[in-house]
Structure formats: structure tokens, C-alpha cells
> 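Following this message is one structure expressed as C-alpha cells.
Both ligands and their constituent atoms are indexed starting at 1 by order of listing. Given the structure is predicted, the values throughout are model-derived calculations rather than measurements. Computed from heavy atoms alone, side chains included, the values below leave out hydrogens, waters and symmetry copies.
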Amino acid sequence: MTIQPLPPLPRLKLDKSGKPTIPSWVAPPETKLDLEWQSLRVLDLSLLDGTPEQQKECQDICQSALTNEGFLLLVGHGVAEEDMQRVFDIANWIMLGDALSEADKKEYEWDRENGDWMGYKPPKGWGERGRDDNDNIEAYNFYGACWEQNKIPPRIRPFADEILAYADHMHNEVGRRLSVILSRILGLGDNHLWDLIPGKGSVLPHSSYCRFQVYHPIEADQREATQNILPNHTDHGWSTLLPSQPVTCLQMLGKDGQWRFVPYMRGALVCNLGDVMEILSGGILKATRHRVTKPVADQLDYERISVCSFNHANQDLTMAPLLDAPLIKKIGVQPNSEVYGAFVKATEAGEEIPKFGEWKTLRNKNAQEPTSKKVVINGVPHTENIVGGVKVYRQV
Ligand SMILES: O=C(O)CCC(=O)C(=O)O
Ligand SMILES: [Fe+2]
């Protein structure tokens, strides 16, 4: 294994000078309820800049977290508290302030039917109630093409440099270092995954994107009937990073089959892997299932602002396991894991190995597709969708 140290993780710099004034986001109070929390490991990313022992510790914590719980909390990620506050100020203003006019919402609306999520997502499309009913989620998805094609609504343009700086930091600084740790876990050279997966040379290469979103409170007459705002899913890129925020809704599926709340840790980044890493690692590093439930009882009236960075792969990445990776050689592939298992079954049945681009577009198109087939696996009801020739099951 070659260790090729990166320069120390820099601090994110946001330039607020000369910008129109926007309101400050006020963090909702934390829940006071006694809930069943998922216990998560905390990884200090700055350990990667430390001594060889600290670097090994960093790798070991990450490996334990990603093979046991599947989620982890990242600190030492280079975004200071006041800069995280600024990112939430901007997200809050875009989603709940006067950043987007009604005309902007039409002009910059996403193209859901074609699986292209760039731009404004109206509050429908992902929920449990059906594709065209209110799902309580509004979002703005910033892709690299937003800057290349100037697809940024006029009032947001003065803030575009800060949004870009944040997106860049999440992908090319935090994501880059995570890819080094994952390469080391698999026994590969430091740059292996970074060279293979994300593509280089731009801020948000290919389909990687940064989503600013709000989950609106559920209407009073719908609260009883609503369980999940965002149905359970795995992410389809290689990693997802989201700043921890206080409205308790995000749940992950544990190895024991139990759903538990992801705890709030002020200033930390919640990190999980997606389908790409599960398939490339032959099921060893899992794409952990998660969902956003309605907020817990004492937080039902709060708007929940969430900022997600989805780190995606090159469109032409072959979604197949890296069978030469020393860890895979040592412990073998894990066909019982969900996404990798589906991949194995499909390829054994003669399906073509998908490229990431097909995988992503089909998954975007089929997200929360109500026409999916219902099947029962080990007594548990699932939906079945064909994604890139692969059957993907979701527990319902
Ligand atoms: O908002 C969150 O906490 C998570 C959102 C999520 O899982 C997603 O959009 O894929
Ligand atoms: Fe997700």
C-alpha cells in the first residue's frame, strides 16, 4: 500500500463581503424526548494529517463504522462553526426566504421525467402519497452544470461563490480524504478510488451535487396518517455528507434490522456510503438504508433545513467489484448484502454490467416509483424495481 500524504485539510473560506443581507437561520431546539438513538462512531478527519499511528487509527475507526453501523459522524472536516452557520443561513433563505420568485420556480424547475434533478424541486415527487401529491419537501439541487450554464436564479447569483466553495470543500477536500481512507481500507493505493470514481478537475464533476432543502411541517390533518417524509432508500453515489441538524427525523436501518434515529451532533457531518461503494467493494462496505420520518412529537412544527452533498461517480464507471483489492481477496465478496447481492443475481442471469450513468438516471427516474412490484422476502414486504438491469429491493 502506498501512502501519498495529501496536504493538511484546509479550512473552508466563505467570502461574505459585499453581499446582500440575508436573515440568520435559527436552529430549532433539540428534542427533549427519550428516543432510541443509533450509536455512531465519531471520526476526526484531521487524524489523516497526523502521525502514521493516528492515520491508522483514522482508518480503523472508519472501517469499524462502515462495516458495523454503516453511518459515521465526521469532525475535523475544516468547516468552522460560523461557516456552517452561514451555509444554513443561505439554505434557509433559498428555501424559506425571498430568494426564489414564483417565476424562478418555473424557469429553474427540475426535469424529473427525464431523471435530471438539476434546479428547483417543487414539493412533490418523492413522498409516500403518490408522485403528484404534496411531499412537504422543497429543494434546490446545485450541479456543476448550474455554474457552467449559468442556471442559477438571479437573486442567488451573489451567493454563488459561497455555495460553490462549500460544494467544492465537501467533494474535493472532505470527499477526497474519505476516498483515501476507503482506498486504504480496501488495501489499495491512496489515489486508487479517487482516480477511478469521482472524476477530477472540476468542483462538482459529473452528476455530483449539493442539495439545499427544507422539509415543511406535515399538515395537522395528515400527521396521524404520515410516517415517512422521504421513503427508505440507499443513496446511489459513492458517499453522502450532510451537516448534522437538530430536527430529529433521519433514521438508519441497523444490521439487526431495527430503524433508529441518527443522533444530532452540532458541527459534525453525517456520512454514509452509497451503491457505488457497495458494489465496488463487493458488498463489504455497505450502502446503508435510511429514511426521513415525520419529526418526533416535540418538533412537529419546525421547518427542517437540510444540506446534502451527494458525491457521485464518473458516468462511465463500470459498476463491478474490484476483485483485485487485497481486502476483497482476504475476506471475499458478500453476496448477501442487499445492493451487491442484487447485482450478482442480475449478472448471473446474463444482464449487462451497468455503467454508473445508467444506474443513476434509472434510479432518479424510478425514485419512489409507485408502480414498482411488491414482493415478500423472508416474510418482509419489499418493493422491487429494475435499475440498470438490476433488481433493487426496498423494504416497505
Ligand atoms: O435530509 C436528510 O437528513 C437525509 C436526506 C436523504 O437521505 C437524501 O436526500 O438522500
Ligand atoms: Fe439519502
Side-chain angles (χ1 to χ4, degrees), residues 25 27-28 30-31 35 37-38 40 70-74 84 87-88 91-92 94-96 110 112 115 117-118 120-121 123-128 135-143 167 170 207-218 227-253 259-266 268-278 286-296 299 302-312 338-339 359-360 363-364 366-368 387 392 394-395:
W25 173 71
E30 287 176 53
T31 178
L35 300 169
W37 300 102
Q38 172 70 49
L40 293 182
F71 267 59
L72 82 160
L73 294 164
L74 286 179
M84 199 63 101
V87 171
F88 275 83
N92 180 59
I94 292 179
M95 298 323 311
L96 295 170
W110 68 345
R112 182 184 66 178
W117 288 4
M118 181 164 75
Y120 169 70
K121 176 207 169 287
K124 61 180 182 183
W126 285 336
E128 293 181 318
D135 65 4
N136 297 82
I137 309 171
E138 268 182 287
Y140 204 96
N141 295 322
F142 291 97
Y143 287 78
M170 286 299 125
S207 55
S208 292
Y209 71 108
C210 188
R211 182 191 304 157
F212 287 29
Q213 70 186 346
V214 61
Y215 297 82
H216 295 295
I218 311 277
Q227 285 313 316
N228 299 318
I229 310 184
L230 190 63
N232 91 65
H233 63 280
T234 56
D235 293 337
H236 40 280
W238 68 274
S239 66
T240 303
L241 299 166
L242 60 145
S244 189
Q245 59 68 56
V247 183
T248 302
C249 291
L250 179 60
Q251 287 191 329
M252 55 157 283
L253 187 63
W259 288 99
R260 293 192 189 83
F261 286 109
V262 170
Y264 171 52
M265 183 179 182
R266 192 183 155 120
L269 294 174
V270 177
C271 170
N272 64 280
L273 301 181
D275 298 347
V276 172
M277 274 317 299
E278 174 156 336
K286 296 197 185 3
T288 303
R289 237 165 225 293
H290 52 283
R291 66 186 183 189
V292 178
T293 65
K294 71 180 165 194
V296 295
Q299 293 183 316
Y302 295 108
E303 301 277 0
R304 179 178 188 266
I305 298 289
S306 164
V307 178
C308 310
S309 290
F310 297 102
N311 295 328
H312 279 192
E338 188 183 331
V339 178
W359 181 275
K360 180 210 59 154
R363 286 212 47 186
N364 279 5
N366 292 344
Q368 283 78 55
V387 177
V392 173
R394 295 196 188 107
Q395 201 181 314

> Return the residue, atom name and 0.1 Å-rounded distance of the protein heavy atom closest to atom 10 (O) of ligand 1.
His233 NE2, 3.0 Å
> To which protein heavy atom is atom 5 (C) of ligand 1 closest, and what is the distance rounded to 0.1 Å?
Tyr215 OH, 3.3 Å
> Could you see which bit of Asp235 sits under 4.0 Å from ligand 1, with heavy atoms only: side chain, backbone, both or neither?
side chain
> Heavy atom to atom 3 (O) of ligand 1, shortest distance: which of Arg304, Arg289, His290 holds it?
Arg304
> Say you draw a straight line from CG of Leu40 to CZ of Arg260; how long is it, rounded to the nearest 0.5 Å?
10.5 Å
> Counting the benzene-type ring for Trp, do Tyr209 and Tyr143 have ring centres under 6.0 Å apart?
yes
> Judged by non-hydrogen atoms, does Arg291 sit under 4.0 Å from ligand 1?
no
> Side chain to side chain contact (heavy atoms under 4.5 Å, CB included) with Arg304: which of Thr248, Ile137, Leu250?
Leu250
> About how many Å separate CH2 of Trp238 and CG of Asp275, when rounded to the nearest 0.5 Å?
14.0 Å
> Regarding Ser239 and Asn311, do their side chains bring together a donor and an acceptor under 3.5 Å, going by distance alone?
yes
> Considering only non-hydrogen protein atoms, determine which one is nearest to atom 6 (C) of ligand 1 and report residue, atom name and distance to 0.1 Å.
Leu230 CD2, 3.6 Å
> Got the closest protein heavy atom to atom 9 (O) of ligand 1, with its distance?
Arg211 NH1, 2.7 Å
> Would you mind running through ligand 1 and noting each atom that sits below 4.0 Å from a heavy atom of Ser306?
1 (O), 2 (C)
> Decide side-chain contact (heavy atoms from CB on, under 4.5 Å) for His290 and Asn272; before the verdict, give the C-alpha distance in whole Å, the side-chain angles of both, and the deciding distance to 0.1 Å.
CA-CA 10 Å; His290 52 283; Asn272 64 280; 3.6 Å; yes
> Once the angle between the rings of His236 and Trp117 is folded into 0 to 90°, is it parallel (under 30°), tilted (30 to 60°) or perpendicular (over 60°)?
perpendicular
> Would you check, one step at a time, whether the test side-chain contact (heavy atoms from CB on, under 4.5 Å) holds for Glu303 with Met95?
CA-CA 10 Å; Glu303 301 277 0; Met95 298 323 311; over 6 Å; no
> Which bit of Leu242 gets closer than 4.0 Å to ligand 1, counting heavy atoms only: side chain, backbone, both or neither?
side chain
> Quick one: the NE2 of His233, the Fe ion (ligand 2), OD1 of Asp235 angle, rounded to 10°, please.
90°
> Looking at the Fe ion (ligand 2), is one of the N, O or S atoms of His290 less than 2.8 Å from it?
yes
